[in-house]
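Here is how names work: the chains are called A, B, and so on, in the same order as the sequence lines, proteins then strands, and each is numbered from 1.
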Amino acid sequence: MSERLTKSAARNIFYGGTIFFLVIFLGLTLHSHNYIVNESSNSDQLTESVVAGKHIWERNSCINCHTLLGEGAYYAPELGNVWVRYGGKDDPEGARDMLKSWMQAQPSGIEGRRQMPQFNLSDQELEQLVDFLKWTSEIDTQNWPPNEAG
Amino acid sequence: MKYQSQKVALYYIYGALALFAAQILFGVVAGTVYVFPNFLSELLPFNVIRMIHTNALIVWLLMGYFGAAYYLLPEECETEIHSPKLAIIQFWLFMIAAAAAVVGYIFGIHEGREFLEQPLPIKVGIVVVALMFLYNTTMTLLKGRKTAVSNVLMIALWFVALLFLFAFYNPSNLAVDKMYWWYVVHLWVEGVWELIMASILAFLMIKMTGIDREVVEKWLYVMVSLTLFTGILGTGHHYYWIGTPGYWQWIGNVFSTLEVVPFFAMVIFCFYMVWKGGRDHPNKAALLWSLGCSVMAFFGAGVWGFMHTLSSINYYTHGTQVTAAHGHLAFYGAYVMLNLAIFTYALPYLRGREPFNQQLNMWGFWITTSGMAFMTFTLTFAGVVQTHLQRVLGMNYMDVQDQVALFYWMRLGAGVAVLIGVVLIVWSLVVVPRASRAATRISQPAE
């Protein structure tokens with residue numbers, strides 16, 4: 001490496017540059033935080049039921065089979081847009097019933113097909129989980145996923 | 001081995017190897033479930049298997065870093081570890097917390113954010129472990145010689161702990177949750193963990209090539225600068241589709257493309273040092289792991305990361321098997337191989353032997369590395385087909401999975417090869433042959 005760059009100069013570049021990029025990053029995430037709360041997600045519709053649904057989602061570790069907005073495991077379908085895929089935009093009641101009865105019918109037990117466990121959720125918990133998935137589908141995700149298949 | 005207290009590293013290395021074996025075993029089980037979906041489905045659902053697979057990986061890598069730090073700090077600082085006893089207590093606390101977490105997972109006791117599934121008491125335990133470690137190592141650093149290697153390593157380990165604090169913040173708003181979740185996940189593996197990688201590789205190069213410390217440490221600062229200058233804003237590539245503003249596509253595209261540069265620099269660094277150094281170090285296996293680490297990290301993290309990091313591509317590939325392919329090779333190349341490099345280097349000194357079982361260790365290297373490479377290829381093919389059928393043509397997820405079933409069979413085969421390789425590696429590191437000569441004197445290379 002060039003003799004012109006001394007070790008202490010390299011060290012100072014490291015410290016200075018890191019602080020520079022860290023400050024930019026923190027500023028941008030602060031802005032993004034406000035953007036999410038005020039623009040891209042429906043904060044006003046973040047009801048107690050949606051929050052309860054998020055905790056049900058977490059308690060049963062759904063993320064370790066499914067993806068949600070593309071993040072998670074890749075063993076089961078994307079659920080960020082499952083509300084849309086089930087036709088929730090046009091027929092909310094129908095989509096709600098279909099999602100609930102799907103979860104109640106698991107596991108299918110069909111040989112050679114991936115099995116979703118039975119989580120024994122109460123009717124209220126199922127409602128809350130569906131509320132959470134509906135709310136999630138309404139986040140402005142820059143038009144991701146490309147289509148309803150998720 | 002110059003300093004008695006370096007011996008505490010043995011606990012961490014053996015603990016890490018045990019968890020490594022468990023991680024791979026659960027990986028093979030998960031791969032089996034992919035081809036026999038009814039296997040264990042009532043007893044141990046896939047989400048729990050995967051949780052153990054990923055958590056065991058993270059914990060054993062951390063345990064390896066702790067061990068590496070306890071091994072190299074005395075040599076770098078030229079002093080004994082502040083409190084070897086505290087280091088041993090810290091090890092058992094960490095090991096018990098890890099075991100408790102795994103048992104809890106099997107019984108369905110866990111939180112639900114990916115990789116951060118540890119229940120709250122375990123998370124608190126991890127913080128306590130980290131504080132014990134940081135106290136012990138920082139005291140060691142303060143009383144001894146300060147080198148760039150130890151400085152960079154300690155800065156990185158402090159930030160590992162600080163960033164983990166975001167694991168305690170779980171906002172109700174999913175999009176906000178996801179944004180800060182990446183503070184832990186991305187800023188660990190594409191930020192400060194890379195600093196750990198660069199500093200340990202620098203240490204190994206100083207020891208094995210005999211290149212002047214001044215030269216190595218200047219490289220080290222350049223490599224870690226490149227890492228953080230690209231990696232911090234490179235977080236943007238996770239902020240494309242989670243409700244964050246559109247400008248992240250510009251930032252993510254530019255900076256995460258540049259994230260390849262530090263990995264390339266590490267390849268050049270390692271090969272240049274070995275070429276220039278010309279010292280014939282007896283531990284050939286450790287040298288192989290060090291060079292292999294830089295190369296496989298470049299491909300796994302660098303090339304496979306770049307492949308789907310541009311937002312116009314990621315729009316279609318995000319959350320498909322392409323991501324899984326990249327994840328597997330990146331973790332293996334960068335962090336698994338790094339740990340195995342320092343274990344292979346340190347164990348003969350720690351046990352007072354000449355380098356032992358080198359042939360077996362190198363067989364393990366080639367089998368495991370080939371297995372991981374093949375696994376990555378199969379998952380990449382699966383991901384490309386999945387992307388086209390599902391994201392372009394709009395075919396239903398489960399129908400697409402049936403179309404790529406063949407790749408999952410090949411992935412399982414690759415996984416079994418990896419398991420065999422890992423058995424060889426662990427065996428070669430743990431079981432010292434009876435014939436192996438005790439080192440007649442403590443052979444400490446000059447710097």
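With a 4.5 Å cut-off on non-hydrogen atoms, A:Glu148 does not touch chain B at all. A:Tyr15 touches chain B through its side chain: at least one heavy atom from C-beta onward sits under 4.5 Å away, while N, CA, C and O do not. Only the backbone of A:Arg59 comes within contact range of chain B, judged by heavy atoms closer than 4.5 Å. Heavy-atom distances place both the backbone and the side chain of A:Ile13 under 4.5 Å from chain B.
Closest approach of A:Val51 to B:Ser172, counting heavy atoms only: CG2-CB, 3.7 Å. Smallest separation of non-hydrogen atoms from B:Tyr397 and A:Tyr75: OH-C, 3.1 Å. Looking at every heavy atom in both residues, B:Arg50 comes nearest to A:Asn64 through NH1-OD1, 2.7 Å. Contact record, B:Thr323 with A:Tyr74: CG2-OH, 3.3 Å, taken as the closest heavy-atom pair. Residues A:Ser40 and B:Gly243 share a closest heavy-atom pair of OG-O, 2.5 Å. For the residue pair A:Pro107 and B:Glu42, the shortest heavy atom distance occurs at CG-OE2, 3.9 Å.
Using a distance-only test at 3.5 Å, with no hydrogens or angles considered, no donor-acceptor pair links the side chain of B:Lys218 to the main chain of A:Ala10. Distance alone, capped at 3.5 Å, is enough to place a donor-acceptor pair between the B:His318 side chain and the A:Leu69 backbone. Judged by distance alone, with hydrogens and angles left aside, the side-chain atoms of A:Asn147 form a donor-acceptor pair with the main-chain N or O of B:Gln390 at under 3.5 Å. Put simply, the side chain of B:Asn47 gets close to the backbone of A:Asn60: a donor and an acceptor are under 3.5 Å apart. The main-chain N or O of A:Ala76 is never found under 3.5 Å from a side-chain atom of B:Gln401 such that the two would form a donor-acceptor pair. Side chain of B:Asn38 to main chain of A:Ile110: a donor-acceptor pair is present (N/O by atom type, distance under 3.5 Å, no hydrogens or angles). The main-chain N or O of A:Asn143 is found under 3.5 Å from a side-chain atom of B:Tyr315 such that the two form a donor-acceptor pair.
By number of non-hydrogen pairs under 4.5 angstrom with chain A, the leading residue of B:Met395, B:His238, B:Glu111, B:Glu214 is B:Glu214. The residue among A:Ser8, A:Ser43, A:Pro77 with the most heavy atom pairs within less than 4.5 Å of chain B is A:Pro77. Counting heavy-atom pairs closer than 4.5 Å to chain B, the top-ranked of the candidates A:Ile63, A:Thr136, A:Val50, A:Val37 is A:Ile63. Between chain B and the residues A:Gly109, A:Ser61, A:Ser41, A:Cys62, the most heavy-atom pairs under 4.5 angstrom are made by A:Ser61. With chain B as the partner, the residue from A:His31, A:His66, A:Gln142 showing the most heavy-atom pairs under 4.5 Å is A:Gln142. In terms of heavy-atom pairs under 4.5 angstrom with chain B, the leader among A:Glu71, A:Arg113, A:Glu39 is A:Glu71.
Aromatic rings from B:Tyr183 and A:Phe25 are positioned such that their centres are separated by under 6.0 Å.
Looking at A:Thr29 and B:Tyr180, their side chains never bring a donor and an acceptor atom within 3.5 Å of each other.
To the nearest 0.5 Å, atom OG1 of residue A:Thr18 and atom CG of residue B:Leu195 are 7.5 Å apart.
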